[in-house]
Amino acid sequence: MPSPRILSVRSLWAAARRIPVLLAVLGLLALSLPGAAQAQSSVRPPESATTSEVPLGPDFRGGVLGNRSDGEIWHDIRLGAEGTATIPDPNAATLIQSQGEDWRLLRLQWVIPYGGQVLLAVLGILAVFFVVRGRIKIKGGRSGRVIPRFSLVERVVHWFTAILFVLLGVSGLIILFGRPLLIPVIGADAFALLASASMQGHNLFGPLFILSIVALFVTFVRGNGYRWVDLKWAFKGGGLLGGHASSGRYNFGEKSWFWWATLCGIALSVSGILMLFPNHLPVFAEQVDPSVPPERALLQIATVVHAVAALAFIAFGMGHIYLGTIGMEGALEGMTRGTVDENWAKEHHDLWYEDHLAAASTDSVRAEVKAAAGDV
Ligand code: HEM
């Protein structure tokens, strides 16, 4: 049996022989790491950040060791100094992009807390309104006679948009608020799964929503232009402050919702496309902040615009959904069956109801004339 001394010398020798192999493997590994390109890169500070006139790189005065301290070099890097990268991503040459921190703080300290408070405030106002005012009933009761309000095409476009809105809204809120709100409740692993599913769903439904917003605009733009009567309706608080508030096919609140949805839809679509394809679109962000690589600046602006527009859209949308469902008797059937009760129409859209009666009587007169002509 070999002595323990001989064994340890042998094993040390065997280990020593493997060191070059180990070093070569580690070297290869290091080169394949994402940060390797930056680590190899020569650092060039942006003009604003340069603290000395001496250029960086191996050929400058001071030889290989350089004449600048580590502190100075890291200072430049911290201010966004750009080096050269050997991988195709041009952003890899910038080790630290300070504006990224501004963006992170804007999102963390403003968008998330204030956005969350706005949504909670709207929910609270709707809850208090429901408790105080209750459901807005049809005062004259149901007449039992219905009149057509929305065609099949209008209803299909509406529900297509509404379903996508809910899917995008829920997945978007998970992406925005999930980290602080859901991880403590469901744990990090379950949240990782949920967040990744939300992101995939969001990327899939987003482009469809752009189509639906265009369709919604084309389908409903007629009748959504503001008129004097809408201003009067708004001053009367839609009838909530007492007295009757006249309205055409859509009232001031509905028209505002239509234009709000259009504006938020445009902001969400443009910022969403920029986020999906940041490297394939012409970029003007450089003009906003020339020190930031354009693709990143664009992404930072787009994510903030997207979140703010989404929160504004959802906040108004909650009011619309409330009134369309539990808030008002007789409204939902217009969007499900396509017809509304005559008394509902008289109470909420009297001018439209009168137009309808006039058109109906003209139609019946025409039908009578046609029938009479046929008899002759
Ligand atoms: C998800 C739940 C939703 C419900 C329950 C709902 C319900 C309703 C109801 C009942 C109406 C008919 C109101 C009336 O007859 O005057 C209506 C109209 C309308 N809704 Fe919705 N809706 C929802 C989501 C949406 C979304 C997400 C959008 C837009 C993105 C939208 C846009 C519209 C438009 C444009 C009208 C026509 C009135 C107008 O032009 O203002 N709805 N909705």
Side-chain angles (χ1 to χ4, degrees), residues 119 122-123 126 130 135-138 142 146-173 205-227 229-230 233-234 238-239 245-269 272 309-353 355-356:
L119 294 190
V122 174
L123 266 183
L126 291 176
F130 186 65
R135 193 165 204 223
I136 301 171
K137 291 251 164 70
I138 304 176
R142 286 182 182 271
V146 291
I147 59 171
R149 179 143 174 88
F150 293 114
S151 69
L152 184 63
V153 172
E154 286 171 328
R155 282 178 280 151
V156 168
V157 169
H158 177 270
W159 290 118
F160 183 56
T161 313
I163 289 168
L164 288 172
F165 176 87
V166 171
L167 288 171
L168 285 166
V170 171
S171 53
L173 290 178
F205 300 131
L208 289 178
F209 189 64
I210 299 177
L211 295 181
S212 78
I213 281 286
V214 174
L216 189 86
F217 181 82
V218 173
T219 313
F220 288 96
V221 68
R222 205 164 148 254
N224 267 307
Y226 287 102
R227 286 161 43 192
V229 66
D230 298 319
W233 186 95
S246 271
S247 149
R249 181 161 198 217
Y250 305 120
N251 61 39
F252 176 82
E254 287 170 321
K255 287 179 182 178
S256 304
W257 167 235
F258 171 82
W259 290 108
W260 193 259
T262 305
L263 282 182
C264 292
I266 292 171
L268 285 170
S269 306
L311 291 168
F313 204 170
I314 295 171
F316 205 144
M318 289 197 299
H320 176 74
I321 295 170
Y322 167 78
L323 278 176
T325 50
I326 56 169
M328 179 183 279
E329 183 187 5
L332 190 60
E333 53 214 51
M335 261 309 164
T336 48
R337 294 182 214 149
T339 54
V340 287
D341 191 273
E342 266 190 11
N343 282 351
W344 181 89
K346 267 187 237 170
E347 285 171 23
H348 297 290
H349 299 276
D350 52 345
L351 303 177
W352 170 72
Y353 177 68
D355 287 349
H356 168 78

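Note that ligands are numbered from 1 as they come in the structure, with each ligand's atoms numbered from 1 the same way. All residue numbers in this chain count up from 1 along the given sequence.
In terms of N/O distances under 3.5 Å, ligand 1 is not approached by W159. Taking only nitrogen or oxygen atoms, main chain and side chain alike, T161 does not reach within less than 3.5 Å of ligand 1.
Close approach of ligand 1 to A331 (heavy-atom distance below 4.0 Å) involves ligand atoms 10 (C). For ligand 1, the atoms closer than 4.0 angstrom to any heavy atom of T325 are 5 (C). The F165 neighbourhood of ligand 1 comprises atoms 27 (C), with distances under 4.0 Å to a heavy atom of that residue. Of all atoms in ligand 1, listed by their number and element, those nearer than 4.0 Å to a heavy atom of G324 are 10 (C). Close approach of ligand 1 to H349 is summarised as follows: ligand atoms under 4.0 Å from at least one heavy atom of the residue are 16 (O). Every atom of ligand 1 is numbered from 1 in the order shown, and the set under 4.0 Å from a heavy atom of N224 is 39 (C), 40 (O), 41 (O). Numbered from 1 in the order shown, with element, the atoms of ligand 1 that lie under 4.0 Å from a heavy atom of F313 read 30 (C).
Heavy atoms of H348 come nearer than 4.0 angstrom to ligand 1 in no pair at all. In this structure, A162 has a heavy atom closer than 4.0 Å to ligand 1.
When hydrogens are left out, the protein atom nearest atom 34 (C) of ligand 1 is H158 CD2, 4.1 Å; that is the closest non-hydrogen contact. The protein non-hydrogen atom at the shortest distance from atom 12 (C) of ligand 1 is F150 CE1, 3.6 Å. Atom 26 (C) of ligand 1 has its closest protein heavy atom at W257 CZ2, 3.7 Å. The single protein non-hydrogen atom nearest to atom 11 (C) of ligand 1 is M335 CG, 3.4 Å, given as residue, atom name and distance. Scanning the protein heavy atoms around atom 15 (O) of ligand 1, the nearest turns out to be R149 NE, 2.8 Å.
Side-chain atoms of L119 and I314, non-hydrogen and from C-beta on, do get closer than 4.5 Å to each other. With a 4.5 Å cut-off on side-chain heavy atoms, Y353 and E347 do not count as touching. The shortest distance between side-chain heavy atoms of H158 and F150 does not fall below 4.5 Å. Counting only heavy atoms from C-beta outward, the side chains of V340 and H349 never approach each other to under 4.5 Å. The shortest distance between side-chain heavy atoms of H356 and P148 falls below 4.5 Å. Looking at Y250 and W257, their side chains never come closer than 4.5 Å, going by heavy atoms from C-beta outward.
In this pair, Y226 and F252 present their aromatic rings tilted. The plane angle is within the 30 to 60° band.
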Quick one: side chains of residues 210-223, donor-acceptor pairs under 3.5 Å with protein atoms, not counting sequence neighbours, listed by atom name and distance.
{"from": "S212", "atom 1": "OG", "to": "F209", "atom 2": "O", "distance (Å)": "2.9"}
{"from": "T219", "atom 1": "OG1", "to": "A215", "atom 2": "O", "distance (Å)": "2.5"}

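Electrostatic pairing of E333 and R142 counts as a salt bridge here, judged by a charged N lying under 4.0 Å from a carboxylate O.
In this structure, R149 is positioned above the aromatic face of W352, its NZ or CZ under 6.0 Å from the six-membered ring centre and within 45° of the axis.
Looking at E154, M328, H320 and measuring to atom 43 (N) of ligand 1, the nearest heavy atom belongs to H320. Of the candidates I321, V157, V221, it is I321 that places a heavy atom closest to atom 2 (C) of ligand 1.
In E254, the parts holding a heavy atom less than 4.0 Å from any atom of ligand 1 are both the side chain and the backbone. In L216, the part holding a heavy atom less than 4.0 Å from any atom of ligand 1 is the side chain. Of all the heavy atoms of W344, the ones lying under 4.0 Å from any atom of ligand 1 belong exclusively to the side chain.
For E329 (side chain) and I138 (main-chain N/O), a donor-acceptor pair under 3.5 Å exists by modelled atom type. At least one donor-acceptor pair under 3.5 Å links the side chain of W159 to the backbone N or O of M335.
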Could you please spell out the steps behind the side-chain contact (heavy atoms from CB on, under 4.5 Å) verdict for F316 and S256?
CA-CA 10 Å; F316 205 144; S256 304; 4.1 Å; yes
